[in-house]
There are 2 protein chains.
Amino acid sequence: MSAEAPAGTEPRTPLSRDRVLRAAVDIADKGGIASLTMRRLGETVGAEAMSLYYHVANKEALLDGVADVMIAEIVDAVADIPAPPDAAAWKGVMRSRILTAREVLLRHPWAPGVLQSRTAASPAVLSYIDTTLGIMVAGGFTYDQAHHAMHALGSRAFGFAQELFNPAGDPGEEPHPEVLAGIASQFPHLAAMIVDAVHNTPENTLGWCDDQTEFEFGLDLLLNGLDGMRPS
Amino acid sequence: MSAEAPAGTEPRTPLSRDRVLRAAVDIADKGGIASLTMRRLGETVGAEAMSLYYHVANKEALLDGVADVMIAEIVDAVADIPAPPDAAAWKGVMRSRILTAREVLLRHPWAPGVLQSRTAASPAVLSYIDTTLGIMVAGGFTYDQAHHAMHALGSRAFGFAQELFNPAGDPGEEPHPEVLAGIASQFPHLAAMIVDAVHNTPENTLGWCDDQTEFEFGLDLLLNGLDGMRPS
DNA sequence: ACCTGAACACCGTTCAAGT
DNA sequence: ACCTGAACACCGTTCAAGT
């Protein structure tokens, strides 16, 4: 029996920064980032919107916190991956860390946008970068090279690469023939590429533009190029 | 002498989609993308906010239009670059097209964010992609390879790569010694990298993390890797 | 055809006030 | 220490109405 709760009122869990952030992630997961408003967040957490300001300075700070929750989830997912046993193994470890990070973000499609909008790096981010650098240095790179590498990888180091425009419809869907015809008349290279790309997809299982494949292609291009720069 | 203008009233230029879009770009250039609101846009264009809806379906459509203006500016800037004289020249042409696109976007720092938020590709984008593909095919690539290449380049093909977190302060500024000390205790690799990177900057003219250098490093890594894949 | 005024349903945020 | 109510200054968007 809870001591103070008035009759008929759920003795509600007290608010906390942590609970607020987790609720925010939930809302974004369910309705997209645009549905995450201070008012709605207050509602789902069982309080007035204004109460949130006691746990979080403002909406910017809320998003900083949400970004950090995502990084924490990545760090957690990546924790199982063992350190490289020798210098040459750096590439494989880096690769699986990045693909694991990607799996996390695929569960939170709105997260890349939030991460990209943050400008300050939290301790969680610094820590993730630090161990990533450690892997490269263990692989034989200089710190200067590792620095360049981090910039070259960019958001890929965190498991995502923002896809730009997606001509010719949704990924996984075959382009509509008449759309293709319209494109072909004006943009011959584009049309030829679309035809070629569709047919080259293995088994055609995922149709045109399987992002996972493209992500790995770009990632391997970078990792292989970097690997060739190792001093020894 | 203007026929209908009431005394004392500037005979104002009539609104048009084009004038609206140009004004929108102006506002974003001056005050950032957050300052671009329908109400402010109406004001600077000398009309009520509601009048804008006659020329543009809604704010999403406004941003689509703004993105297109940026692409048009890129296409324009890139128009002078001659086609590659032989297959091997594909790389140099691609490189200077991309760096030229980058120059355009450096004048509109808010534009990458807008481009990244668009999902539909306009004819202007399709056209830009088409001639980019043309250069690759002229370089000897198959359409399938060119397709992968476009994905691997990603936003770099349009001249930008979203920088993520920027640990240790603004680019161009030397990291503060005591901040560095704080980092060093927890994140040894990061600290070592920062020290190394600062000293490796040529002449130290641009300090730590010159983005142009990093952009070109990543770009060349990709272009060189791709170049090695050319069939012949 | 083009533009406007009034109104609606939202935002994030403040501040003084409650327990 | 933690939460709230009322209020403020904004948003984007609608709709009927003006010229």
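Letters A, B, ... mirror the listed sequences (proteins, then strands); counts begin at 1.
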Exercise for the section: Please answer whether the main-chain N or O of Ala157(B) pairs with a side-chain N or O of Tyr128(B) as donor and acceptor at a distance below 3.5 Å. Expected result: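 Such a contact is found between Tyr128(B) side chain and Ala157(B) backbone.
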
Give the rounded distance in Å between these two atoms: [atom1] of [X] and [atom2] of [N].
{"X": "Arg39(A)", "N": "dT13(C)", "atom1": "CZ", "atom2": "P", "result": "11 Å"}
{"X": "Met38(B)", "N": "dT4(C)", "atom1": "CE", "atom2": "P", "result": "14 Å"}
{"X": "Tyr54(B)", "N": "dT14(D)", "atom1": "OH", "atom2": "P", "result": "16 Å"}
{"X": "Tyr53(A)", "N": "dC8(D)", "atom1": "OH", "atom2": "C1'", "result": "13 Å"}
{"X": "Asn58(B)", "N": "dT14(D)", "atom1": "CG", "atom2": "P", "result": "8 Å"}
{"X": "Leu52(B)", "N": "dT14(D)", "atom1": "CG", "atom2": "P", "result": "13 Å"}
{"X": "Glu43(B)", "N": "dT4(C)", "atom1": "CD", "atom2": "P", "result": "13 Å"}
{"X": "Ile33(A)", "N": "dC11(C)", "atom1": "CD1", "atom2": "C1'", "result": "15 Å"}

Arg40(A) side chain to Ser35(A) side chain, donor-acceptor N/O pair below 3.5 angstrom = no

**Asked** Going by the angle between their ring planes, with limits at 30° and 60°, are Phe217(B) and His148(A) parallel, tilted or perpendicular?
**Response** parallel

* Determine the contact category for Ser51(A): base if any of its heavy atoms lies under 4.0 Å from a base atom, sugar-phosphate if only primed atoms, P, OP1 or OP2 are that close, otherwise nothing. =>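 It contacts base atoms.
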
Quick one: label Met50(A) by what it contacts on the DNA or RNA (base, sugar-phosphate, nothing), any heavy atom closer than 4.0 Å.
base

Between the side chains of Glu216(B) and Arg95(B), is the shortest nitrogen-to-carboxylate-oxygen separation below 4.0 Å, so that they form an ion pair?
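Answer for the salt bridge query: yes.
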
Pairs under 3.5 Å (Watson-Crick or G-U), crossing ones as [ ], inter-strand ones as |: DNA chain C comes out as ||.|||||...|||||.||

Shortest non-hydrogen pair, Lys59(B) vs Leu36(B), comes out as NZ-O, 2.8 Å

Discussion item. I want to check a possible cation-pi pair here: Arg102(A) against Phe160(A), using under 6.0 Å from ring centre and within 45° of the ring axis as the test.
Written reply: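 Negative - Arg102(A) is either too far from the ring of Phe160(A) or too far off its axis.
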
### Task
Assess whether side-chain hydrogen bond (donor to acceptor under 3.5 Å, both in side chains) is satisfied between Asp196(B) and His147(A), documenting all intermediate values.
CA-CA 9 Å; Asp196(B) 201 35; His147(A) 177 213; over 6 Å; no

Has His55(B) got a side-chain N or O lying under 4.0 Å from the OP1 or OP2 atom of dA1(C)?
-> no

Of the listed dC11(C), dA1(C), dT4(D), the closest approach to the Thr37(A) side chain comes from dC11(C)

